[in-house]
Visitor: 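Pasting a structure below so you can have a look.
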Amino acid sequence: MLSLSLSNHVPPLTLLSHERRILKLQSRSSILFHQLFHTKFLLLSNSSSLSSSHGVVAISASPSSVAVPELEDEDHFDDELRRLLALVPEEIRQTLKEHPEISELIEIVLDLGRKPLARFPSGDFVISDDAVRVKDLEFAVSQVGEFTNDNRAGISRTLHRISAIRNRKGEIIGLTCRVGRSVRGSANLLRDLVQDGNSLLLIGPPGVGKTTMIREVARMLGNDYEKRVMIVDTSNEIGGDGDIPHPGIGNARRMQVPNSDIQHKVLIEAVENHMPQVIVIDEIGTKLEAIAASTIAERGIQLVATAHGATIENLIKNPSLDLLVGGVQSVTLGDEEATRRGGQKTVLERKGPSTFNCGAEIVSKTEVRVHRSLEATVDAILAGRLPNVEIRKIKSHGVEVIMEKEPFIDEKTVDKKHEEETLDVSKLTKEETVSEVLQTKEITEAESSEKDTLMYLYVYGIAESTVLQAIKQLEMETAVELTDDISEAEALLALQAKIRKNPRIKSFATSHGIPVYVTKTNSGIQVAKAIRALLTDYEDGLGEFGSEDRLKLSEKMDALEEARLAIERIVIPKKETTDLLPRPPRIVSLQGKLVRKYNLRSERKWRGDEMYLRILPYSTEEDRDDREDEGEFGEANGEELDELGFATGESNDSPSGIDRLPLLPD
Ligand SMILES: Nc1ncnc2c1ncn2[C@@H]1O[C@H](COP(=O)(O)OP(=O)(O)OP(=O)(O)O)[C@@H](O)[C@H]1O
């Protein structure tokens, strides 16, 4: 039997659960520690050795002297917990302190005239049989900061959150005192998603641990990846109460929000004034906040946010928040398509790009369901298919942090079955669907691996089984893989009638330089012809397929987007003259056209030998010079703007064809 040497202040019986440390005896001479909730180990033996890989920390020691884990900031944490316990009347505080799970306390509930409760992961505990009195509430309130309009307050330099319930006169008659803690490693399951700059939306029911995870993401991005992180901290929950943020956020900075109603404005201010690379925000709950988040994402800033809701489906159905996942619209089908879908006349489709690239449903503190492509998930859900999900768990029965993947479900193949064999996917058990799909995928992958090159193809409006069949028959040099993610596609194959009805897809392809091939019918022969044409083009210009156009286009799109943002964010609302970045004259001319579409005046300027556009906050009525200038670099015309999707006019549609967001109200 191993003997454990314990530090004096840790009672032996609480060792296994204290701060959720899990020790597992691996053999007579070694012990492994679950390193999730602490960062430092105090080695009590000189003969101990410590090694770490993949979040697993192994400590080997001689049987008689074993390492004891020690929280880096244990004293600090104890002090914080003490400050929360200080809120309850002294006579019952001791009872609470002696509770064996005190280090895992979640909340203290004090309701006038009722017995005080402590909430633990294992359940509720009645702290005393004596009901809470007015003076008990007053005592607690006197120790916390000011309550803001959302009835929340904090305790300075701690992460605790105190929420008040008031009577109709506004007097406090109940308090929920939530323990806040910073937990190192709590976001390890999400590290790979955010480290490359993906925007991530965390959702989950109240109390599941979203704030704790997002705080750790902020710290991780700021410290481990040295990004400029700005937290917009609506209730001071991420960075704690007081003006000096809690050390749990690491190098991340934080902006406080004076009033939750203006959270969206602080979000925009954060971007405009503090040059963040990442914005972190807890609880996006209103339409205005969702709009502000989308605006930020549009500017290419990485966004990490939380929202309430157990699943992505909940968000899709929430009219205030559906914008976060692209929004939903009802589309009327053509007769042919409606017949093919068994008479269904309208379908729901995603309206535009999702604000976030990835999503994670927090199931518990140790389990998340990851949607690597939120757009693909939303599309799948709206089409009645199963989305791809990765289930990631921290296994506590062992000592490893294990990433689990739910078996891969290839939506395209599910779709194929849906379309070709009119097979009702919902009637299949998940296992049946998955195993069939896996078989198909294996075959495709085996075939692909024999070919020299691989091209990603996005198919729109044509049954994918027809496409796969055609590819197989053609026996070209290039292997083709169908993708659900249009942004990774190297070519787009569409049914003409379908793509005409969806200018957004076409516009996206154009703006990203993705060549589009269309067929008039979706017969096997037509489809095969189109694929042969596109593969021949691809093989002819291998490596440069569309790349030159892609470059030119992306520069034009960037320039127009820059002009649009300057107009909508600065020139119009602030009535300020704004200079754009220097561009080739041809592109400056195009920007000038866009400015005129907003009835504004612009001037071409030179910096050295570089030309740039100055946008003035005056109407075009005064814009004589510019009009006269027209034609000097004369290729730019309104039609080109239209082609690029920057048509303005009366419609509220986005100039880029990808739905733009309305301007934020003042
Ligand atoms: N990994 C963890 N280890 C230990 N305790 C945790 C962990 N994650 C969260 N907690 C605790 O669980 C409680 C709820 O966590 P948190 O406040 O982060 O949840 P939430 O989902 O943001 O809740 P809400 O939606 O109500 O704001 C807190 O007391 C927190 O300290």
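Whatever order the structure lists them in is the order used to number ligands and atoms, beginning at 1.
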Visitor: Which of the numbered atoms in ligand 1 are under 4.0 angstrom from any heavy atom belonging to Thr212?
Guide: 8 (N), 9 (C), 10 (N), 15 (O), 16 (P), 18 (O), 30 (C)
Visitor: Could you tell me whether Val208 and ligand 1 have an N or O pair separated by under 3.5 Å?
Guide: yes
Visitor: Distance alone, cut at 3.5 Å: any donor-acceptor contact between the side chains of Asp282 and Thr306?
Guide: yes
Visitor: Below 4.0 Å from any atom of ligand 1, is there a heavy atom belonging to Gly207?
Guide: yes
Visitor: Please confirm whether the backbone N or O of Thr211 pairs with a side-chain atom of Glu237, one donor and one acceptor, at under 3.5 Å?
Guide: no
Visitor: Is it the case that Arg152 and Ser235 place a side-chain donor and acceptor less than 3.5 Å from each other?
Guide: yes
Visitor: Which atom pair, heavy atoms only, marks the closest approach of Gly239 to Ile249?
Guide: CA-CG2, 3.8 Å
Visitor: Please state which part of Lys210 comes within less than 4.0 Å of ligand 1, counting heavy atoms only: side chain, backbone, both or neither.
Guide: both
Visitor: Judged on heavy-atom distance to atom 31 (O) of ligand 1, which of Arg178, Arg181, Glu104, Arg161 sits nearest?
Guide: Arg181
Visitor: Compute the shortest N/O to N/O distance between Val179 and ligand 1 and return yes if it is under 3.5 Å, no if not.
Guide: yes
Visitor: Can Gln256 and Asp243 be counted as having a side-chain donor-acceptor contact under 3.5 angstrom?
Guide: yes
Visitor: For the pair Phe120 and His99, name the ring-plane relationship: parallel under 30°, tilted 30 to 60°, perpendicular over 60°.
Guide: parallel
Visitor: Hey, which atoms in ligand 1 end up nearer than 4.0 Å to a heavy atom of Thr211?
Guide: 18 (O), 20 (P), 22 (O), 27 (O)
Visitor: Just heavy atoms, cut-off under 4.0 Å: does Glu283 contact ligand 1 by side chain, backbone, both, or neither?
Guide: side chain
Visitor: In plain terms, say whether Asp150 and Arg161 are close enough for a salt bridge, that is, a side-chain N and a carboxylate O under 4.0 Å apart.
Guide: no
Visitor: Which atoms of ligand 1 sit under 4.0 Å from any heavy atom of Ile106?
Guide: 13 (C), 29 (O)
Visitor: For His308, take its heavy atoms, then give the atoms of ligand 1 lying under 4.0 Å from any of them.
Guide: 25 (O)
Visitor: Just distances here: any N/O of Gly209 and N/O of ligand 1 closer than 3.5 Å?
Guide: yes
Visitor: Applying side chain to side chain contact (heavy atoms under 4.5 Å, CB included) between Val257 and each of Leu267, Val266, Asn236, report the one that passes.
Guide: Val266
